Amino acid sequence: MAASMAGTCRYVSLHGSFILLRRTRLYLTLKSKFHCTSPAHNGLLFTLNKRGILKNSFPEDAAQDRLPRLLQSGAQTVYCGFDPTADSLHVGNLLAIIGLLHFRSAGHHVLAVLGGATAQIGDPSGKTSERERMSAEVVEENSRSIQESIQRIFTNHEVHIQESSKKLGTVTVLNNLHWYKDWSVVGFLSEAGRHLRMGTMLSRHSVQTRLKSPDGMSLTEFTYQMFQAYDFHHLNQIYGCKIQLGGSDQLGNLMSGHEYIHKVSGEEVYGLTLPLVTSTVGDKLGKTAGNAVWLNRNKTSPFELYQFLVRQPDAIVKHYLKLFTFLPLAEVERVMEQQREDPGKRLAHKRLAAEVTKLVHGKEGLESAKRCTNALYHSSVQALEEMSDEELQELFREAPFHELLLEPGTTVVDACRSINAIPEGPRGYQMVLAGAVSINHMCADKPEQVLIPKLHILSNGLSLLKVGKKNFYIIKWLSL
């Protein structure tokens with residue numbers, strides 16, 4: 001099954017995977033590792049390090065010598081896993097996708113692996129208690145939604161951001177359920193369990209933390225690192241994958257994969273960790289932190305994503321420009337200089353918001369975010385007229401949406417009462433007279449005023465009615 005894309009790019013299925021084609025024993029902090037080895041100095045890892053995208057490497061000397069040389073020797077295969085524990089990824093996951101995009105832009109092949117199997121096990125990393133068990137049906141639906149999101153982001157990057165002259169590597173979206181579904185428990189433990197040691201597994205930070213907690217740790221969670229290790233081994237054997245990306249909380253799982261492969265085949269593989277994206281108060285920006293900003297439009301609209309980024313504190317904007325955009329570092333410095341010259345314009349914030357929204361939702365998503373911004377914050381009637389029903393409902397998520405027949409002679413007070421926006425009787429009438437009601441950003445203080453097309457009713461058949469400061473109502477007028 002194939003889905004068409006722009007130009008000559010397309011997704012094709014391959015044994016349950018989707019590929020995007022284009023035409024043409026301790027870890028080491030990375031901060032200072034690329035300054036003394038000339039082959040690495042101008043390489044991909046050096047660039048990612050300067051942008052702050054990489055945090056740690058495993059094994060110890062990989063970042064300085066062997067891994068840069070491997071990447072320069074030819075196209076490599078890199079993977080990162082995403083457990084579908086929700087029906088959408090969030091901003092905290094975006095950096096991992098961006099890491100894969102950087103590798104792909106450098107000509108390397110990337111694998112995005114959905115954890116259709118491991119999501120049913122549950123990753124204990126960073127958790128104080130065991131996840132609620134998820135049914136296979138829910139995991140399958142989540143996997144489908146996340147796969148579409150990942151494919152969309154890779155497409156947006158290629159179509160709207162990537163330089164057309166560069167030859168890109170392939171993108172393959174896999175689901176680890178495909179290689180676990182035919183295993184028996186005895187068969188898998190006999191194959192995989194013998195290559196892992198209890199002492200090492202027990203020593204992992206995620207395990208130690210949970211064992212000391214009041215709830216302890218279940219056997220199911222304890223085996224998670226075994227599945228992670230076998231994933232890396234499987235991808236190494238089938239796809240020649242030698243590099244795994246993961247959040248810094250995944251270091252123990254990366255190490256398990258390295259050790260497993262080293263025991264089974266003796267082949268050298270590598271792990272690279274990415275910093276966890278945190279809020280200004282240090283909280284992890286993930287769905288379990290209670291402040292998630294999602295990547296799927298039905299959970300976080302382009303406008304909401306745009307505004308989340310525009311509202312970031314000044315102190316963190318430069319860091320986010322380096323992490324979440326593909327602007328050259330010299331361009332980031334230029335944008336920050338403009339920001340310093342006129343902080344009130346918030347040019348750096350707007351550039352950050354525009355670049356990330358375009359990556360996640362495409363150019364149309366960015367235009368939608370701008371229309372919603374103009375309609376809400378700049379009282380633009382033109383922006384309201386250009387908005388679709390979907391955009392209005394995204395912008396005013398809490399606003400009731402009503403469809404009404406437009407009868408001749410319908411007045412302002414009639415419209416308000418039809419949707420129960422004002423009380424019945426004299427009190428509601430007085431609210432209109434007092435100027436408490438506006439329609440399409442214009443005060444509607446004449447209760448008996450008949451609704452006028454293009455004034456009270458926009459050319460798209462919509463009216464945005466506001467009562468007081470925060471009570472919005474959307475009316476879709478139907479002709480008789």
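Counting begins at 1 with the first residue of the sequence. None of the values given here were measured: they were computed from a predicted structure.
- Ion pair E140/R144 flagged as a salt bridge, since at least one NZ, NE, NH1 or NH2 atom sits closer than 4.0 Å to an Asp/Glu carboxylate oxygen.
- Side chains of Q162 and S105: a donor-acceptor N/O pair is present below 3.5 angstrom, by distance only.
- Atoms CG and CE, on L395 and M387 in that order, are 4.5 Å from each other to the nearest 0.5 Å.
- Atom CD of E341 has more than 12 neighbouring heavy atoms from other residues, nucleotides or ligands inside a 6.0 Å radius.
- In this structure, OG on S438 lies 10.5 Å from NE2 on H456, to the nearest 0.5 angstrom.
- The aromatic rings of W294 and H90 sit perpendicular, their planes meeting at an angle over 60°, well past the 30° parallel limit.
- Once rounded to the nearest 0.5 Å, the distance linking CD1 of I238 with OG1 of T77 reads 12.5 Å.
- The aromatic rings of Y180 and F227 sit perpendicular to each other, their planes meeting at more than 60°, with 30° as the lower class boundary.
- Judged purely by atom type and a 3.5 angstrom limit, R152 has no side-chain atom pairing as donor or acceptor with the backbone of H361.
- Salt-bridge formation is detected for the pair E355/R351: a Lys NZ or Arg NE/NH1/NH2 atom is positioned less than 4.0 Å from an Asp or Glu carboxylate oxygen.
- To the nearest 0.5 Å, atom CG of residue L235 and atom CD1 of residue I243 are 13.0 Å apart.
- Summarising the local packing, CD of Q382 is surrounded by 12 or fewer heavy atoms from other residues, nucleotides or ligands at distances under 6.0 Å.
- Contact annotation: the side chain of L274 approaches that of L54 to within less than 4.5 Å [non-hydrogen atoms, C-beta and beyond].
- Ring centroid separation for the pair Y239 and H109 does not come in under the 6.0 Å cut-off.
- The six-membered or imidazole ring of F396 lies away from that of F401, with a centre-to-centre distance of 6.0 Å or more.
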